[in-house]
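Please read the structure below before turning to the comments.
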Amino acid sequence: MRAARLKIVLVAAFTSAAMLIGPDVASATPGSPAGGVAPGTGPGSVLWTSEHAGDGHAVAADPKGGIVFVAGSSGLVAYDAGTGAQLWDNAAGDGLSVAVAPDGRIVFVIERLSTGGGGSDFLTSAFDAATGNRVWARRYSGCPKVGCVDIPVALAVSPGGGTVFVAGTSKGRTSGFDYATVAYSAATGRRLWVSRYNGHGRSYDQAMAIAVNPRGGAVFVTGTSAFDFATVAYTAATGATLWTKRYDRAGGHDFASSVAVSRDGRRVFVTGASEGRTSAYDFATLAYAAASGTRLWARRYGHARPAAVLVSPLGHTVLVAGTSERSRSDTFYLSVAYSAATGRTQRVSGFGDPDFETVSADAAAISPDGRSLYLTGTAASVPGAPAQALTVAANIATGALTWRQVTEAEEFGRSVAVSPDGGTVYVVLEYFFGTTAQDFIITAFRA
């Protein structure tokens with residue numbers, strides 16, 4: 001492993017604009033550059049960094065606040081949330097996503113397990129959060145043939161912590177590739193149910209994201225089916241299908257990528273990239289009634305690709321965060337805020353920088369109090385130039401930039417999470433050498 005050489009540079013020459021949208025009115029106000037923050041003392045300052053071999057895929061914070069977990073190519077790694085000291089490294093495989101039980105005692109990881117002949121299965125594992133010891137591991141395969149492909153993509157834990165839900169894409173016995181959603185007992189790994197979604201005959205159906213109703217009772221999976229958004233709601237206890245909804249913009253290509261549920265459990269929000277009439281892709285965001293699947297509203301924002309849809313803790317605002325792509329040499333991080341109830345656009349906020357012509361947001365998170373949005377991804381001085389990891393924080397109420405950090409080396413921001421008290425932001429930075437991932441750095445920023 002290379003010697004740790006992460007240096008975070010705080011740059012004041014940063015441009016932010018929040019456009020307040022009203023009837024026939026659009027005004028712009030400058031953001032608030034972080035400027036002059038001493039290391040370790042103010043918002044955006046670095047609290048600690050830790051480096052590890054291999055690539056890091058996902059980060060999750062312990063709901064109790066004591067541990068941070070990173071799943072990656074070398075397994076699952078646990079860090080002390082306060083100091084960054086590595087607590088354990090279980091080298092348990094190539095983790096794609098990670099989630100922690102509400103009581104903080106068990107951490108769950110999914111990975112794609114090779115079965116030979118080009119085939120793979122879902123592998124879901126549970127580990128003791130304090131020690132890293134494996135509690136249980138379960139495989140899922142959609143068909144018995146050699147070479148059948150099953151790829152897990154997302155997992156979620158029920159509000160009470162009793163059930164783990166895993167979603168992915170799975171080759172069926174006769175149906176081509178389908179969504180496959182599997183529920184396990186969190187304590188024992190006993191499989192509770194499996195539900196599959198086959199959109200249209202042997203069409204390619206690719207699950208991308210999963211969310212659980214905070215009130216319990218339902219699980220929502222979204223993704224792409226024959227180039228349409230397809231969102232399926234299941235009963236959490238049995239896996240029975242409650243409803244299925246599709247979205248197609250005039251026969252264009254539509255790729256759903258993220259799903260979220262309001263805290264009161266009444267609304268489900270889905271976003272993705274949808275082919276536009278005058279642009280390559282737009283944000284397309286839809287709201288559904290969680291109980292019935294009735295579409296409540298649909299909104300689009302042009303020339304943009306989303307990274308995530310997020311709901312404020314109070315449930316009044318829905319944020320779609322991603323990248324504006326007005327032109328190849330004019331890209332910037334973007335956040336669009338909608339009224340959760342009506343879909344009315346409340347605010348459009350863009351975060352650009354004269355030093356970077358191209359940026360791409362890869363992950364987003366919201367603070368527990370709903371006041372701050374965090375985005376991480378990559379930035380380059382010109383198209384094709386070496387990328388640097390760019391992380392920004394913004395005030396959700398005003399759209400103003402709070403702080404930003406950029407690395408000096410060739411890296412990109414892979415995943416972001418926020419501590420339960422909202423005081424710390426954890427970002428996984430992937431280091432690249434040429435086109436090959438070498439190792440990752442987890443960095444804790446003061447929120």
Side-chain angles (χ1 to χ4, degrees), residues 97 99 110 122 124 140 142-143 149-159 163-184 191-249 253-262 265-274 284-298 306 308-309 311 318:
S97 188
I110 55 173
F122 292 11
T124 305
Y140 171 74
C143 77
V149 176
D150 301 278
I151 306 171
V153 295
L155 78 163
V157 185
S158 64
T163 308
V164 181
F165 305 95
V166 178
T169 301
S170 171
K171 181 71 168 63
R173 295 172 183 264
T174 60
S175 58
F177 285 95
D178 306 329
Y179 293 7
T181 306
V182 190
Y184 299 100
R191 193 166 80 186
L192 305 176
W193 52 261
V194 176
S195 290
R196 298 178 65 91
Y197 171 69
N198 175 24
H200 294 301
R202 295 181 62 84
S203 65
Y204 190 87
D205 306 307
Q206 182 178 15
M208 292 298 295
I210 188 170
V212 182
N213 193 316
R215 301 289 184 179
V219 182
F220 307 94
V221 178
T222 198
T224 301
S225 172
F227 298 112
D228 296 342
F229 288 15
T231 304
V232 187
Y234 300 105
T235 301
T238 66
T241 300
L242 295 172
W243 50 261
T244 301
K245 298 295 176 180
R246 299 176 69 92
Y247 172 78
D248 175 25
R249 170 65 178 267
H253 291 178
D254 307 294
F255 303 95
S257 57
S258 184
V259 60
V261 189
S262 61
R266 298 173 60 186
R267 296 181 180 90
V268 180
F269 305 96
V270 173
T271 199
S274 175
T285 306
L286 301 99
Y288 298 104
S292 65
T294 300
R295 187 196 292 183
L296 304 176
W297 51 261
V309 60
V311 186
V318 178

Requested in this report: To the nearest 0.5 Å, tell me how far Ser274 OG sits from Asp248 CG.
Outcome: 8.0 Å
Which pairs of donor and acceptor atoms, one on a side chain in residues 225-235, lie under 3.5 Å apart (sequence neighbours left out)?
from, atom 1, to, atom 2, distance (Å)
Ser225, OG, Asp205, OD1, 2.5
Ser225, OG, Arg246, NH1, 2.8
Ser225, OG, Arg246, NH2, 3.3
Asp228, OD2, Arg246, NH2, 3.2
Thr231, OG1, Thr222, OG1, 2.9

Query - Ala207 to Val153 - nearest heavy-atom pair and separation - result: O-CG2, 3.3 Å
**Report entry** Qualifying residues under side chain to side chain donor-acceptor pair (under 3.5 Å), relative to Ser292, sequence neighbours excluded
**Finding:** Thr294
Requested in this report: Starting at OH of Tyr204, measure out to OG1 of Thr169 and round the result to the nearest 0.5 Å.
Outcome: 5.0 Å
Report summary line: Exactly one of Lys171, Arg196, Arg173 clears salt bridge (Lys or Arg N to Asp or Glu O under 4.0 Å) with Asp178, and that residue is Arg196
**Report entry** Under 3.5 Å: donor-acceptor pair, side chain of Ser258, backbone of Val309
**Finding:** yes
Query raised in the report: Are side-chain heavy atoms of Tyr179 and Ser195 found at a separation under 4.5 Å?
Result: no
Report task. Assess whether side chain to side chain contact (heavy atoms under 4.5 Å, CB included) is satisfied between Phe220 and Val261, documenting all intermediate values. Result -> CA-CA 9 Å; Phe220 307 94; Val261 189; 3.7 Å; yes
Query - For the student: nearest non-hydrogen atoms of Ala167 and Thr181, plus distance - result: CB-OG1, 4.2 Å
Query - Nearest-0.5 Å distance that lies between atom OG1 in Thr271 and atom CZ in Phe255 - result: 14.0 Å
Report task. Would you name the heavy atoms of Ala154 and Ala209 that are closest together and state the gap between them? Result -> CB-CA, 4.1 Å
**Report entry** Steps toward side chain to side chain contact (heavy atoms under 4.5 Å, CB included) verdict (Thr285, Val270)
**Finding:** CA-CA 6 Å; Thr285 306; Val270 173; over 6 Å; no
Query raised in the report: Side chain of Trp243, backbone of Ala290: donor and acceptor closer than 3.5 Å?
Result: yes
**Report entry** Val164/Leu155 under side chain to side chain contact (heavy atoms under 4.5 Å, CB included): CA gap, chis, key distance, verdict
**Finding:** CA-CA 7 Å; Val164 181; Leu155 78 163; 4.2 Å; yes
Report summary line: Heavy-atom closest pair (Pro214 atom, Pro159 atom, distance to 0.1 Å) is O-CG, 3.3 Å
Query raised in the report: How long is the span from the OH atom in Tyr288 to the OH atom in Tyr247, to the nearest 0.5 Å?
Result: 9.0 Å
Query raised in the report: Could you state the interatomic distance from CZ (Phe122) to OH (Tyr184), rounded to the nearest 0.5 Å?
Result: 8.0 Å
Report summary line: Sorted by chain and residue number, the salt bridge (charged side-chain N to carboxylate O under 4.0 Å, His left out) partners of Asp254 (sequence neighbours excluded) come out as none
Query raised in the report: Closest approach of Thr124 and Ile110, non-hydrogen atoms and distance?
Result: OG1-CG2, 3.8 Å
Requested in this report: Go through the steps for Thr163 and Val157 under the test side chain to side chain contact (heavy atoms under 4.5 Å, CB included), then give the verdict.
Outcome: CA-CA 6 Å; Thr163 308; Val157 185; over 6 Å; no
**Report entry** Over all atoms of both residues, closest heavy-atom pair of Phe165 and Ala236
**Finding:** CE2-O, 3.7 Å
Query raised in the report: Nearest 0.5 Å, what's the OG-CG distance between Ser158 and Asn213?
Result: 11.5 Å
